[in-house]
**Q** 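Next up is a structure, given as structure tokens.
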Amino acid sequence: MDEGEEVPKDFIKLKSEKLSVDEVSELVISPCCGALSLFVGTTRNNFEGKKVIRLEYEAYTSMAEMEIKKICRDVRQKWPSVKHIAMYHRLGVVPITEASVIIAVSSPHRAESLEAVTHCINTLKAFVPIWKKEIYEDEYSWKENKECFWTNPEK
Amino acid sequence: RPQVTVLYFARSAELVGLRSESVCVPQRISSLQLWEEIVKIHPRLAVIRDQVVFAVRQEYVLLGDQLLVLQPGDEVAIIPPISGG
């Protein structure tokens with residue numbers, strides 16, 4: 001009987017409120033894990049010389065949650081020692097410097113959680129139906145991730 | 001012919017001026033033909049044809065020969081290039 005052996009959990013949330021690194025970290029902390037790796041995506045104030053006033057995110061929410069669940073399954077297959085995974089994405093208006101996405105993964109040793117976090121953000125950018133609109137002073141632009149799985153990066 | 005729910009997101013929602021609508025489509029149809037049915041209703045969508053994919057019952061489908069078998073109430077989403085994260 002293992003003391004502190006918990007059932008691995010996936011924490012997936014899309015919400016419009018401000019994201020908290022503390023809150024997301026707390027979700028994945030585990031007594032059997034010595035490593036917690038984090039990725040935080042924050043909004044930049046510039047793009048190609050243009051001043052970005054704010055970002056707005058929208059999602060196909062039900063499908064985005066399904067796609068994020070698939071990423072978690074994939075992570076557990078590739079890195080079986082991973083304990084808990086949290087993937088939180090903010091929707092609606094995200095002011096400059098605030099977090100749009102927080103990913104946290106716990107594992108007994110650091111290699112797995114570090115690799116898993118990288119995989120999570122890279123795969124999210126390629127497959128999860130979430131869209132970002134960059135608002136500039138005089139115009140706006142719907143962004144397109146170069147990772148998007150069906151677009152030609154050479155276009 | 002089943003009524004499906006077409007969902008519009010991001011740029012496609014701006015072009016169409018809608019987030020969703022009910023559309024009557026053939027039950028068996030290729031994904032490209034389905035696109036063409038929708039563009040007949042909303043010609044302004046034509047400009048994004050080369051960038052979009054569908055999500056049918058929340059599974060991605062490229063525009064092409066793939067045969068779809070649609071049921072009443074199925075969700076068909078227009079998916080412009082994504083930019084999460």
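In what follows, chains carry the letters A, B, and so on, assigned in the order in which the sequence lines appear, proteins first and then strands, with residues in each chain numbered from 1.
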**Q** Nearest 0.5 angstrom please: A:Thr61 OG1 to B:Phe9 CZ, how far?
**A** 7.0 Å
**Q** Hydrophobic cluster membership, with links at side-chain heavy-atom distances under 4.5 Å among I/L/V/M/F/W/Y: are A:Ile102 and A:Leu14 in one?
**A** no
**Q** Provide the closest heavy-atom pair for A:Trp131 versus B:Ala10 in the form atom of the first, atom of the second, distance.
**A**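 Smallest interatomic distance, heavy atoms only, reads CG-CB, 3.6 Å.
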**Q** Taking atom NZ of A:Lys51 as the centre, report whether more than 12 heavy atoms of other residues, nucleotides or ligands fall under 6.0 Å from it.
**A** no
**Q** Among A:Met87, A:Arg90, A:Lys132, which has the most heavy-atom pairs under 4.5 Å with chain B?
**A**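 The residue among A:Met87, A:Arg90, A:Lys132 with the greatest pair count is A:Lys132.
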**Q** In terms of heavy-atom contacts, does CD of B:Gln71 have more than 12 from other residues, nucleotides or ligands at under 6.0 Å?
**A**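 Yes, CD of B:Gln71 has more than 12 neighbouring heavy atoms, counting only those of other groups under 6.0 Å.
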**Q** At a 4.5 Å cut-off on heavy atoms, which part of A:Phe39 comes close to chain B: side chain, backbone, both, or neither?
**A** neither
**Q** Which bit of A:Tyr57 comes within less than 4.5 Å of chain B, counting heavy atoms only: side chain, backbone, both or neither?
**A** side chain
**Q** With a 4.5 angstrom heavy-atom cut-off, could you sort out which part of A:Ala64 is near chain B: side chain, backbone, both or neither?
**A** neither
**Q** Near A:Arg110 CZ, under 6.0 Å, is it more than 12 heavy atoms from other residues, nucleotides or ligands?
**A**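 No, because the 6.0 Å sphere around CZ of A:Arg110 holds 12 heavy atoms or fewer from other groups.
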**Q** Spell out, yes or no, whether A:Ile71 and A:Ile103 are grouped together once hydrophobic residues are joined by side-chain heavy atoms under 4.5 Å, including indirect joins.
**A** yes
**Q** Using heavy-atom distances under 4.5 Å, tell me whether A:Ala99 contacts chain B through its side chain, its backbone, both, or neither.
**A** neither
**Q** Quick one: what part of A:Lys133 sits under 4.5 Å from any heavy atom of chain B, side chain, backbone, both or neither?
**A**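 Side chain only.
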**Q** Ignoring hydrogens, what is the shortest heavy-atom contact between A:His89 and B:Gly85? Give both atom names and the distance.
**A**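 Closest approach of A:His89 to B:Gly85, heavy atoms only: NE2-N, 2.8 Å.
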**Q** Taking all heavy atoms of A:Leu124 and all of B:Ile82, pick out the closest pair and write down the distance.
**A**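 Heavy-atom minimum between the residues: O-CD1, 4.5 Å.
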**Q** Check this for me: A:Lys70, atom NZ, are more than 12 non-hydrogen atoms of other residues, nucleotides or ligands nearer than 6.0 Å?
**A**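 Yes, the 6.0 Å shell around NZ holds more than 12 heavy atoms from other groups.
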**Q** Side chains of B:Gln51 and A:Trp150: is there a donor and an acceptor less than 3.5 Å apart?
**A** no
**Q** Is A:Glu67 close to chain B through its backbone or its side chain, or both, or neither, when contacts mean heavy atoms under 4.5 Å?
**A**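 Contact with chain B is through the side chain of A:Glu67 alone.
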**Q** Would you mind checking which part of A:Tyr140 comes under 4.5 Å of any heavy atom in chain B, side chain (CB onward), backbone (N, CA, C, O), both or neither?
**A** side chain
**Q** Looking at B:Ile79, B:Asp50, B:Leu7, which one has more heavy-atom pairs under 4.5 Å with chain A than the rest?
**A**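 When all of B:Ile79, B:Asp50, B:Leu7 are compared, B:Ile79 has the most.
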**Q** If Ile, Leu, Val, Met, Phe, Trp and Tyr residues are connected whenever their side-chain heavy atoms lie under 4.5 Å apart, and connections chain through other members, are A:Val28 and A:Tyr88 in the same group?
**A** yes
**Q** Quick one: does A:Asn145's side chain have a donor or acceptor within less than 3.5 Å of a partner on B:Gly84's backbone?
**A**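 Between the backbone of B:Gly84 and the side chain of A:Asn145 there is a qualifying donor-acceptor contact (under 3.5 Å).
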**Q** Looking at B:Glu14, B:Arg11, B:Glu75, which one has more heavy-atom pairs under 4.5 Å with chain A than the rest?
**A**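 Looking at each of B:Glu14, B:Arg11, B:Glu75 in turn, B:Glu14 comes out on top.
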**Q** Enumerate by number any residue of residues 52-69 of chain B whose heavy atoms lie under 4.5 Å from heavy atoms of chain A; in the absence of such residues, state 'none'.
**A** B:Val52, B:Val53, B:Ala55, B:Gln58, B:Glu59, B:Tyr60, B:Leu62
**Q** If contact means a heavy atom pair closer than 4.5 Å, which residues of residues 15-44 of chain B contact chain A?
**A**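 Residues B:Arg19 are the ones that qualify, each having a heavy atom under 4.5 Å from chain A.
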**Q** Are A:Val40 and A:Val117 in one and the same hydrophobic cluster, where Ile, Leu, Val, Met, Phe, Trp and Tyr link if side-chain heavy atoms are under 4.5 Å apart?
**A** no
**Q** Determine, using the 4.5 Å side-chain heavy-atom cutoff (strictly less than), whether A:Leu91 and A:Val128 are members of one ILVMFWY cluster.
**A** yes
**Q** When rounded to the nearest 0.5 angstrom, what is the spacing between OH in A:Tyr60 and OH in B:Tyr8?
**A** 13.0 Å
**Q** How many angstroms lie between atom NZ of A:Lys143 and atom OG of B:Ser83, to the nearest 0.5 angstrom?
**A**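 Reported to 0.5 Å precision, the distance equals 8.5 Å.
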